[in-house]
Novice: 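Before anything else, here's the structure in question.
Naming: A, B, ... by sequence-line order, numbering from 1 per chain.
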Amino acid sequence: MSEDTAAVAAQKRERSPAVRQSGASGLLGSAAGRNAGLVVALVLLCIGGVVTAGDRFADVDNLLTILRLAAVIGVVSVGMTFVITGGGIDLSVGAIVALSSVWATTLATQGIANNTHWIVIVFTALVVGGACGLVNGVLIAYGRVVAFIATLASLAAARGLAEIISNRKTQIVNVPGFAAFFDASVLGVPVLVVIFALVAAGGWVLLNRTTFGRRTFAVGGNPEAARLAGIDVRRHTVWLYTLLGLCCGLAAVMLVARTTTGSATHGGLYELDAIAAVVIGGTLLTGGRGTIAGTVFGVLIFTTLSNVFTLNNLSISAQAVAKGAIIVVAVLLQQRLARRT
Amino acid sequence: MTNEKTTLSSPADEQRTPLLKRLTGANTLWIGLVLLVLVAVFGAIRPDAIFQVTTLQFLLAETAVLLVLSVGMTFVIITSGIDLSVGSVLVFASVSSAMAMNAVSGGDATNAGWGVIAFGLLVAVVSGAVWGLLNGLLISRAKIPPLIVTLGSFGAAQGAALLLNNGSNVSGIPDRLNRTFGSGTWFGIPNIVIVAAIVTALGALLLSTTRFGRYTYAVGSNEEAARRVGISVRGHLTKVYLLAGTLAGLAGFMGNAFFRVAVVTGHETDNLNAIAAVVLGGTSIFGGTGSVLGTVFGVFIPAVLEKGLVIIGVKEFWQPIAVAIVLVAAVWLDQTRRRARNQR
């Protein structure tokens, strides 16, 4: 009962500034306004793509390629949005993706999968990812180790474990049903993209339309107030990291499907890509404010950028420079916009 | 009269805390013990291999570059900031310095003299400083969170370094530089270690005995209070990131001397290693407390652990896991201790 009141209070606190800001235009208008900069950036990128690469960019196959590439890091970023909104950070996501991908593609797992059903691979990756997230969450919430350090440590540990299991070899997946399922398309849309869309939609509902989401905002905005209002802050924190771990497990499955391999080198620097996408999407690093739609735009912007650069034969190095500049400029613009309203 | 004297002398006494005590601080003794125990344990298992001159020389030389990075990171973290870009800035400085040395000696600087080497040092330090200044200005003037700014320059500096030389390593490091600073020794101590030790000592003095150091603590423990007592917080933050960038530039030059080549890859996790070292050394990630000596211990704990595990024959894959466990255990113990002290 008290938890519900807390959630309602959190909800009111969350909404009141938005209502004040937007005035007559209403909640919906303000949400669109928040993402307007991102939409403009994405549109500009697409125009840039059409102008420089023409039909090679504005091609259905190419657009699907962008979405397929965005899907894996997108799923991780949606999970990351929850953790950052809840006032935390997770540096270990790339390592968890690597460990899950390796564990799910060992000869033993593949053997079981071939004898029973390919879903075993998915299940293994989800369990491994979820378990890693759970360990992170418990260390942070109950061990009270700073999130930055706890997940920095599990980054090292998970990558190390992935190397031990795989013996630093790339593990090729040879489970027919698995490949067939993930290579398929639903009404012309690749399964990977469908999964990303489902995760993003589910994440949006969870963050904006459920008690869990409200508690996430409350915990991130002011953990002490959330605790006094009756929210079990520690347990909620554990759930947030476990959720992100599950997202990493799912991302590992998608990565294994896309590359047909599991490897300890998978997911390199995903932590930085995911944090960048979440932050340029408008989620506050200090917690208490987060947006799934912004995160999705953030992921799409970075993926489109690298696609446009690749189509124009520009090197990965140039992409890195542009990406760095975009991160800083986007946050700068957001701050200016936020100050004006 | 006497009354006046006592009131005047008491703050003066407070200021005269013994230098050693100020250098060590409260948390460092404890973390130093961890390092000692590690050395003792590995020493007890394989005394023949651990206490060999070459083993120790190698251990120190390999750690020197990270130590210089971590000294700069200590200042940044004490201001409650973070710098993810140090490894990339190191690569950028190392590549641009190597290319500059090659350029002024007509394509290949292998046989170049001291003038060229000094020029290379200047280029490395200045290019590091420029990135540091950029970070500092964006953080202090534009008020963008340090994590974001340095995440941006992490990508940008690495990318720029790759663009400079089309993504390949730069060779042609002067032989003279490598012979003296890279592989040379002085009474058995590698020269590169001496350089790192001098930088560390200067950093420790800067942090614990100067106004700059006190401002660093002040800004980190309470930015608003620091501003109100008249500290230029913006200016100070800019200087701190400038310092971190400059040291990353110097570290890049040291890397050139040691490896005889400007390497463009392999520094992606330098930032996290430096942060881990600083935090292991008892510097709070929330700012306001910390010491350079602690950072020294923090740099050597993972290094000794990795070296020790190799020597006693543990498979190398297990090292990151062991380091991770030590990191979490050390931070957990430190936080528990601090909480117990605060509750008293």
Side-chain angles (χ1 to χ4, degrees), chain A residues 89 91-92 95 135 139-140 143-168 264 268-269 271-273 275-276 279-280 284-286 302 314-332 334-336 339, chain B residues 82 84-85 88 134-135 138 142-167 264 268-269 271-273 275-276 279-280 284-286 302 315-336 339:
Chain A
I89 193 121
L91 299 178
S92 65
V135 170
L139 270 178
I140 292 161
R144 297 211 218 161
V145 178
V146 189
F148 198 93
I149 301 300
T151 56
L152 178 59
S154 45
L155 184 170
R159 267 220 199 276
L161 202 54
E163 286 179 350
I164 293 172
I165 293 174
S166 67
N167 213 2
R168 285 198 182 157
L269 297 180
E271 53 279 358
L272 299 182
D273 287 343
I275 294 172
V279 169
I280 78 156
L284 274 188
L285 256 185
T286 45
F302 283 130
L314 289 167
S315 62
I316 295 176
S317 337
Q319 287 179 29
V321 177
K323 210 164 130 182
I326 285 185
I327 294 174
V328 173
V329 170
V331 174
L332 198 62
Q334 270 173 20
Q335 287 182 344
R336 288 285 132 82
R339 220 168 292 156
Chain B
I82 199 107
L84 295 178
S85 70
S88 302
L134 182 68
N135 282 338
L138 284 170
K143 303 269 176 228
I144 308 176
L147 189 82
I148 303 301
V149 171
T150 57
L151 181 60
S153 47
F154 166 83
Q158 175 79 37
L162 292 171
L163 282 178
L164 278 180
N165 198 37
N166 285 327
V264 291
E268 291 83 1
T269 55
N271 47 12
L272 300 183
N273 290 338
I275 293 167
V279 173
L280 258 180
S284 163
I285 197 105
F286 302 113
K315 218 174 165 190
E316 60 173 317
F317 305 156
W318 284 101
Q319 290 163 20
I321 297 179
V323 172
I325 291 170
V326 170
L327 179 63
V328 168
V331 173
W332 180 74
L333 279 172
D334 184 45
Q335 287 185 336
T336 315
R339 214 171 294 128

Novice: Without placing hydrogens or testing angles, list every side-chain donor-acceptor pair under 3.5 Å for residues 146-155 of chain B, not counting sequence neighbours.
Specialist:
{"unit_1": "B:T150", "atom_1": "OG1", "unit_2": "B:L84", "atom_2": "N", "d": "3.1"}
{"unit_1": "B:T150", "atom_1": "OG1", "unit_2": "B:P146", "atom_2": "O", "d": "2.7"}
{"unit_1": "B:S153", "atom_1": "OG", "unit_2": "B:N135", "atom_2": "OD1", "d": "2.8"}
{"unit_1": "B:S153", "atom_1": "OG", "unit_2": "B:V149", "atom_2": "O", "d": "3.2"}
{"unit_1": "B:S153", "atom_1": "OG", "unit_2": "B:T150", "atom_2": "O", "d": "3.4"}

Novice: Which pair of heavy atoms, one from A:S92 and one from A:L155, lies closest together, and at what distance?
Specialist: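 Nearest pair, atom of A:S92 first, then A:L155: CB-N, 3.6 Å.
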Novice: For the candidates A:A156, A:A162, A:A150, which exhibits the highest count of non-hydrogen atom pairs separated by less than 4.5 Å from chain B?
Specialist: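 The residue among A:A156, A:A162, A:A150 with the greatest pair count is A:A156.
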Novice: Counting only non-hydrogen atoms closer than 4.5 Å, does A:I326 touch chain B with its backbone (N, CA, C, O), its side chain (CB onward), both, or neither?
Specialist: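 Neither; nothing under 4.5 Å.
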Novice: A:T151 versus A:I140: any side-chain heavy-atom pair under 4.5 Å?
Specialist: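 Yes - at least one pair of side-chain heavy atoms lies under 4.5 Å apart.
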Novice: Identify which of B:G159, B:A322, B:S85 forms the greatest number of heavy-atom pairs closer than 4.5 Å to chain A.
Specialist: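 Result: the option with the highest number of such pairs is B:G159.
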Novice: Of the non-hydrogen atoms in A:A264 and A:R159, which two are nearest, and what is the gap between them?
Specialist: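 So the minimum-distance heavy-atom pair works out to O-NH1, 2.7 Å.
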Novice: What are the two closest heavy atoms between A:A318 and B:L163, and how far apart are they?
Specialist: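 Minimum heavy-atom contact is N-CD2, 4.0 Å.
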Novice: Under a 4.5 Å heavy-atom cutoff, which of A:V279, A:V146, A:L161, A:I327 has the most pairs with chain B?
Specialist: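 Highest number of heavy-atom pairs under 4.5 Å: A:V146.
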Novice: Calculate, to the nearest 0.5 Å, the distance between atoms CG and OG belonging to B:N271 and B:S88 respectively.
Specialist: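 Going from CG on B:N271 over to OG on B:S88, the span is 7.0 Å.
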Novice: Which atom pair, heavy atoms only, marks the closest approach of A:A157 to B:I321?
Specialist: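 Heavy atoms of A:A157 and B:I321 come nearest at O-CG1, 3.5 Å.
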Novice: Can you tell which part of A:L139 gets under 4.5 Å to a heavy atom of chain B, answering side chain, backbone, both or neither?
Specialist: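 For A:L139, the side chain is the part near chain B, not the backbone.
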Novice: Based on non-hydrogen pairs under 4.5 Å, which of B:L138, B:L162, B:I275, B:L280 is most in contact with chain A?
Specialist: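 Max contact count across the listed options: B:L162.
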Novice: Just so I understand: if I count every heavy-atom pair under 4.5 Å between each of B:N166, B:L272, B:I82 and chain A, which residue has the most?
Specialist: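 If we count pairs closer than 4.5 Å to chain A, B:L272 comes out on top.
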Novice: Using non-hydrogen atoms only, which part of A:V328 is less than 4.5 Å away from chain B: side chain, backbone, both, or neither?
Specialist: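 Both backbone and side chain of A:V328 come within 4.5 Å of chain B.
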Novice: Relative to chain B, which segment of A:I164 carries a heavy atom at a distance below 4.5 Å: side chain, backbone, both, or neither?
Specialist: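 Its backbone and side chain both get close to chain B.
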